[in-house]
Amino acid sequence: MVGAVRQHAPILSVASFRAWLASRPDEEHWELIEGVPMMMTPPNRRHQRIASNLETLLNAALKRHNPVLAAYHDIGVNIVSTVPYDPEPDVAVIREDENPDPRYAERFYLVAEVLSESDRGIIESKRDIYRAHLSCTCILLVRQDLPEIIVDRRTGDGWRSQVLHGPDKLNLPEFGLTCLVGDVYRDTPLG
């Protein structure tokens, strides 16, 4: 990630960040991380293909299983956090009728992050924040350096994690999706 240097940057609220963000060109991609606006470098093609594949697989499954839900790529999500944080997961599953704002979703049921090298320092805090969101039932952490997906699911006892590899099945019955992990990596060197 490039952007503001943390040690000297002012801490912004989500509202202040979004007001400032409205003045920025649409082609810029920013996230608020721990109160600091961070300009995100454009994702590489592998990252984009993996996110696109996952969005396509989810939308095809949702159309058959539960058509009131839809998967979106790079949508903002409203979260509650003790630190100012305004993420844009790579893919999120939402219900349209619950989310009238065209840029941000108040409620989301699944979020997926395609992990980049720059995520190493922040992915655990993102994961904790997503887990705290009451409607979120599934978090996917998708590696782009090897075919591996970490699936976090909310259960009656809390969160359970499972690590899946290329030949394994990604089974998300609550979203109607069953596919090979390799399908998420289709048309990449890992597919």
Side-chain angles (χ1 to χ4, degrees), residues 1-7 9 11-12 14 17-18 21 28-55 57-58 71-94 104-105 107-155 158-166 168 170 172 175 177 181-182 184-185 188-190:
M1 271 186 267
V2 296
V5 178
R6 288 178 185 252
Q7 65 232 34
I11 301 294
L12 293 178
V14 171
F17 171 72
R18 288 185 181 172
L21 191 59
E28 289 184 3
H29 183 84
W30 292 82
E31 285 189 19
L32 184 67
I33 300 172
E34 295 177 355
V36 178
M38 302 292 283
M39 185 177 206
M40 310 303 282
T41 58
N44 65 45
R45 288 186 299 278
R46 182 181 299 184
H47 182 285
Q48 290 175 330
R49 175 63 60 208
I50 292 167
S52 176
N53 287 344
L54 182 58
E55 178 189 21
L57 288 164
L58 280 165
Y72 284 93
H73 183 53
D74 290 331
I75 187 172
V77 293
N78 292 325
I79 49 95
V80 176
S81 174
T82 56
V83 294
Y85 187 61
D86 197 25
E88 284 185 21
D90 291 304
V91 178
V93 172
I94 69 166
Y104 294 94
R107 293 175 54 94
F108 54 91
Y109 299 93
L110 175 149
V111 289
E113 292 282 350
V114 178
L115 303 178
S116 301
E117 189 63 34
S118 61
D119 290 321
R120 285 191 192 268
I122 61 169
I123 196 59
E124 286 306 315
S125 64
K126 273 187 173 184
R127 199 175 186 185
D128 290 343
I129 289 168
Y130 292 148
R131 284 177 170 181
H133 194 79
L134 295 178
S135 64
C136 183
T137 61
C138 185
I139 302 166
L140 303 177
L141 302 178
V142 184
R143 293 191 53 177
Q144 62 174 309
D145 59 336
L146 59 103
E148 178 181 287
I149 301 174
I150 300 169
V151 181
D152 289 349
R153 281 199 177 86
R154 186 187 302 268
T155 69
W159 286 88
R160 305 239 178 202
S161 293
Q162 177 183 22
V163 179
L164 303 174
H165 297 95
D168 295 333
L170 174 60
L172 304 174
F175 302 101
L177 178 64
V181 167
V184 175
Y185 294 89
T188 75
L190 301 171

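Residue indices begin at 1 and follow the sequence shown. Keep in mind that this is a model prediction, so the values were computed, not measured.
Rounding to the nearest 0.5 angstrom, the gap separating the CG atom in Asn53 from the CD atom in Gln48 is 11.5 Å. For the atom pair CZ of Arg45 and CD1 of Ile50, the computed distance is 13.0 Å after rounding to the nearest 0.5 Å. With rounding to the nearest 0.5 angstrom, the CZ atom of Arg49 is 9.0 Å from the OG1 atom of Thr188. A distance of 8.0 Å separates OG in Ser135 from CZ in Arg154, rounded to the nearest 0.5 Å.
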Is there a side-chain contact (heavy atoms from CB on, under 4.5 Å) between Leu140 and Ile150 once you walk through the steps? CA-CA 6 Å; Leu140 303 177; Ile150 300 169; over 6 Å; no
Please determine whether side-chain contact (heavy atoms from CB on, under 4.5 Å) holds for the pair Ile139 and Leu110, giving the CA-CA distance in whole Å, both sets of side-chain angles, and the decisive distance to 0.1 Å. CA-CA 6 Å; Ile139 302 166; Leu110 175 149; over 6 Å; no
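Between Leu115 and His47 the shortest side-chain heavy-atom distance does not fall below 4.5 Å. The side-chain heavy atoms of Leu57 and Leu177, taken from C-beta on, include a pair separated by under 4.5 Å. Residues Ser161 and Val151 are not in side-chain contact: their nearest non-hydrogen atoms beyond the backbone lie 4.5 Å or more apart. Tyr185 has its side chain within reach of Ile149: a pair of non-hydrogen atoms, C-beta onward, lies under 4.5 Å apart. Two residues are said to be in side-chain contact when any heavy atoms from C-beta on lie closer than 4.5 Å; Phe175 and Val93 meet this criterion. Within the 4.5 Å cutoff, the side chain of Val142 has no heavy atoms near those of the Glu113 side chain. Arg127 is listed as a side-chain neighbour of Leu141, based on a closest heavy-atom distance under 4.5 Å.
For Glu55 against Ala71, the heavy-atom pair with the smallest separation is OE2-O, 3.6 Å. Residues Ala51 and Val91 share a closest heavy-atom pair of O-CG2, 3.6 Å. Across every non-hydrogen atom of Asp74 and Glu88, the tightest pair is O-OE1, 3.8 Å. The shortest heavy-atom contact between Val111 and Pro89 is CG1-CG, 3.8 Å.
Residues satisfying the side-chain contact (heavy atoms from CB on, under 4.5 Å) criterion with Leu134, sequence neighbours excluded, are absent altogether.
Side-chain contact check for His165 and Glu148: at least one donor-acceptor pair (N or O, by modelled atom type) lies under 3.5 Å.
Of the possible polar contacts, one joining the Arg46 side chain to the Gln144 backbone as a donor-acceptor pair under 3.5 Å is found. Checked by atom type and distance alone, the side chain of His73 pairs as donor or acceptor with a backbone atom of Asp90 at under 3.5 Å.
The pair Arg160-Asp152 does not meet the salt-bridge criterion, since no charged nitrogen lies less than 4.0 angstrom from a carboxylate oxygen.
Note: Phe108 and Tyr130 have perpendicular aromatic rings, judged against thresholds of 30 and 60 degrees for the angle between ring planes.
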